[in-house]
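The structure under discussion appears below in the form of C-alpha cells.
Letters A, B, ... mirror the listed sequences (proteins, then strands); counts begin at 1.
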2 protein chains.
Amino acid sequence: MSSDRSSAGDPDRTLALLWRVSGESRRGPRPGLSLDRVVDTAIELADADGLSALTMRRLAQTIGVAPMTLYTYVPGKAELLDLMLDAVYARMPRTDTAGRHWRERVTTVVEENRALLAAHPWVASVSTGRPPLGPGQMAKYDHELRALDGLGLSDVELDAALAHLLAFVRTHARDAADAMAAERESRMNDEQWWERNAPLLARVLDETAFPTAVRVGTAAGQAHGSAWNADHAWQFGLQVLLDGLAALMGRHER
Amino acid sequence: MSSDRSSAGDPDRTLALLWRVSGESRRGPRPGLSLDRVVDTAIELADADGLSALTMRRLAQTIGVAPMTLYTYVPGKAELLDLMLDAVYARMPRTDTAGRHWRERVTTVVEENRALLAAHPWVASVSTGRPPLGPGQMAKYDHELRALDGLGLSDVELDAALAHLLAFVRTHARDAADAMAAERESRMNDEQWWERNAPLLARVLDETAFPTAVRVGTAAGQAHGSAWNADHAWQFGLQVLLDGLAALMGRHER
DNA sequence: TCCTTTCTACGTACACCGTACACAGTACGC
DNA sequence: GCGTACTGTGTACGGTGTACGTAGAAAGGA
C-alpha cells in the first residue's frame with residue numbers, strides 16, 4: 001500500500017503550509033485545532049497502525065472533531081502527507097561527521113535514515129516523486145550532502161550518490177514492511193507459510209526442472225529462518241553499496 | 001500507489017490457479033470466460049492506464065461482463081494480482097549467458113528486468129513480500145540464479161546478490177513511474193514545477209542557511225534538465241552496483 | 001424423460017474511502 | 001451594532017472491493 005502526494009493542488013498553498021506562513025487574520029472564531037495538532041496526530045496514527053489506517057475519518061475521530069473539520073486546516077490528504085513527511089524529516093537527528101573517514105560518514109547518513117524508517121515505516125511507502133519543499137526536507141538534504149561533500153565527488157555525482165543511497169534504505173524498509181504485512185495478514189510467519197504451501201507445491205512442481213532454484217532456495221531458507229531476512233539483506237546491501245562507492249571514489253583519485 | 005497481494009486467502013486455491021490445475025468438473029453451464037482471459041485483460045488494462053485504473057468494475061466492463069462475474073474465475077483482486085505477476089514473469093525472455101563474463105551476465109539479468117518493468121510499470125508497485133509461487137516466478141528465479149551461478153559466490157550470497165540486484169531495478173522503475181505520475185497529475189514537467197515554486201520558495205527560504213543544498217541542487221538541476229533524471233540515475237546506480245559486486249567477488253578470489 | 005446436482009452469471013447491497021458544497025454560528029474591525 | 005471573515009459540520013456523491021442470494025443452464029442418474 002502506498003499513497004500519492006500533493007502533485008496536484010495549489011503549490012502556493014502547500015508551500016505556505018510547509019513553512020507555516022499564515023495569512024494571520026484575526027477575524028472569526030478562534031481555531032479549535034492547529035495545523036501541528038493535525039499533522040502530529042496523523043503521524044502518530046500512521047506510526048501505530050500503518051498508512052492504510054490513516055483515513056480522514058479516523059484522524060478526525062482521534063482528534064475529536066468531525067471529518068470535514070480537517071479540511072479547514074489542510075487542503076486534502078495529499079498535502080497532509082507532504083506535511084507529515086516534512087515534519088518527520090525536520091525532527092531527524094543530524095550527527096556531525098566532519099573530518100571522519102568517508103565510510104563512517106556514509107554509514108552515518110544511511111543509519112540515520114534507517115532509524116527514521118524504523119520509527120516511521122509509512123515513510124517508505126509514500127511517493128517521493130517530488131520532494132516536499134519544506135524546511136525539514138531542506139535541512140535533511142543539506143545535512144546529508146554536507147556529510148558526503150569534500151570526498152572528491154563532483155556536485156552531480158554527489159547528488160546521484162545520495163539519491164542512490166537513500167533509495168537503498170527506502171527499498172529495504174519497504175521490503176521489511178511488506179514482509180511484516182504479509183506475516184500479519186496471513187497470520188503465518190515465513191516458515192509456517194512455506195510448510196503450508198510445500199505439500200501442494202511439491203505435487204505440481206517438477207523439482208528437477210528448476211534445480212538451481214531448489215538448491216539455492218533451500219540453502220537461503222535454512223541460513224536465515226525465512227526466504228528473506230531483513231538483517232542479512234541489510235548487511236549485504238550496505239556492503240555492496242559501500243564497495244561500489246569506494247570504487248567510484250578510487251576512480252577519482254587517479 | 002501500490003497494491004496488496006494474496007497474503008490472506010486460501011493458499012491452496014491460489015496455488016491451484018497459478019498452476020492451472022482445475023477440478024475439471026463437466027457439470028453446469030459452460031464457462032463464458034477463462035482465467036487467462038481475465039488475467040490477460042487485467043494486464044492490458046494495467047499496462048495501458050496503471051494499477052489505479054485496474055478496478056474490478058472496469059475490468060468486467062472491458063471484458064463485457066458484470067462485475068461479480070469475475071469472482072467466478074478469481075477469488076479476489078489480491079489473487080488476480082498474483083496471477084498477473086506470474087503471467088508476465090512467465091513470458092519474460094531468458095537469454096542464455098553461460099560462459100560469458102560475469103559483468104555481462106549480471107547486466108543481462110538486470111536489463112531483462114528493466115525491460116519487464118518498462119513494458120509493465122505496474123509490476124514495480126505491487127508488493128512482493130512473498131513471491132507468487134507460480135511457474136513464472138519459478139522459471140524466472142531459476143534462470144536468474146543460473147546466470148549468477150558459478151561465479152564463486154556461496155548459495156546464500158547468490159540469493160542475496162540476486163535480491164539486491166532486483167531491488168535496484170524495481171526501485172528505479174518505481175521512482176521513474178512516480179516521476180511520470182507527478183508530471184501527469186500536476187500537468188507540469190520538473191522544470192515548470194520548479195519555476196512555479198521558485199518565487200515563493202525564495203521568499204521563505206534563507207539561501208545562506210543551506211549553502212550545500214543550493215549549490216548541489218542547482219548543479220544537478222542544470223546537468224540534467226530536472227531534479228531527478230531516470231537515465232542518469234540508472235547509469236550511476238548500475239555502476240555502483242556492479243563495482244560493489246566486483247569487490248565481493250574479488251574478495252572470494254583471495 | 002425428468003429430477004437432482006453443480007456450476008455460471010449477476011443484481012443488490014454494504015462498508016468503506018476522499019471530499020464538494022451549503023450552511024450555522026462565532027468573534028473581530030469598523 | 002453590523003458586516004465580514006472565519007471555523008465547524010451534516011449531508012451527499014461517486015468511487016472502491018466484495019458478501020450474499022438467486023436465476024438459470026448443462027450434465028448425470030433414475
Counting neighbours of [atom1] on [X] that are heavy atoms of other residues, nucleotides or ligands and sit closer than 6.0 Å, is the number greater than 12?
X         : atom1 : result
Gln192(A) : CD    : yes
Trp19(A)  : CH2   : yes
Glu191(B) : CD    : no

Could you state the atom-to-atom distance from [atom1] of [X] to [atom2] of [N] in whole Å?
X        : N       : atom1 : atom2 : answer
Tyr71(A) : dC21(C) : OH    : C1'   : 13 Å
Arg27(B) : dT6(C)  : CZ    : C1'   : 5 Å
Leu33(A) : dC6(D)  : CG    : C1'   : 15 Å
Leu59(B) : dG15(D) : CG    : P     : 17 Å
Gln61(B) : dG15(D) : CD    : C1'   : 14 Å
Leu45(B) : dT16(D) : CG    : P     : 12 Å
Leu35(B) : dT8(C)  : CG    : C1'   : 15 Å
Asp4(A)  : dC17(C) : CG    : P     : 17 Å

- Nearest-nucleotide 5' precedence on DNA chain D, Arg30(A) against Met68(A):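 Per heavy-atom nearest nucleotide, the more 5' residue is Arg30(A).
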- Query: Of Met56(B) and Pro29(B), whose nearest nucleotide on DNA chain D comes first from the 5' end?
  - Reply: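 Mapping each residue to its closest nucleotide by heavy atoms, the 5'-most match is Met56(B).
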- Give a yes/no on whether any side-chain N or O of Thr69(B) is located under 4.0 angstrom from OP1 or OP2 of dC10(C).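 For dC10(C), OP1/OP2 do have a side-chain N/O of Thr69(B) under 4.0 Å.
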- Message: Does a side-chain N or O of Tyr73(B) approach OP1 or OP2 of dA9(C) to a distance below 4.0 Å, or not?
- Response: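 Checking Tyr73(B) against dA9(C): at least one side-chain N or O falls below 4.0 Å of OP1 or OP2.
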- Have a look at Thr55(A) and say if it touches a base, only the backbone sugar-phosphate, or nothing, with a 4.0 Å heavy-atom cut-off.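 Sugar-phosphate contact only.
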- Message: Quick check on DNA chain C: between Thr72(B) and Ala78(A), whose nearest nucleotide comes earlier from the 5' end?
- Response: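 Nearest nucleotide further toward 5': that of Thr72(B).
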- Is the closest basic N to carboxylate O distance between Asp86(A) and Lys140(A) below 4.0 Å?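 No salt bridge links Asp86(A) with Lys140(A).
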- Query: Looking at Asp190(A) and Arg130(B), does any basic side-chain N land under 4.0 Å from a carboxylate oxygen?
  - Reply: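 The answer is yes: the pair qualifies as a salt bridge.
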- For the side chain of Arg57(A), counting heavy atoms from C-beta on, which of dT9(D), dC17(C), dT6(C) is nearest?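 Selected nucleotide: dC17(C).
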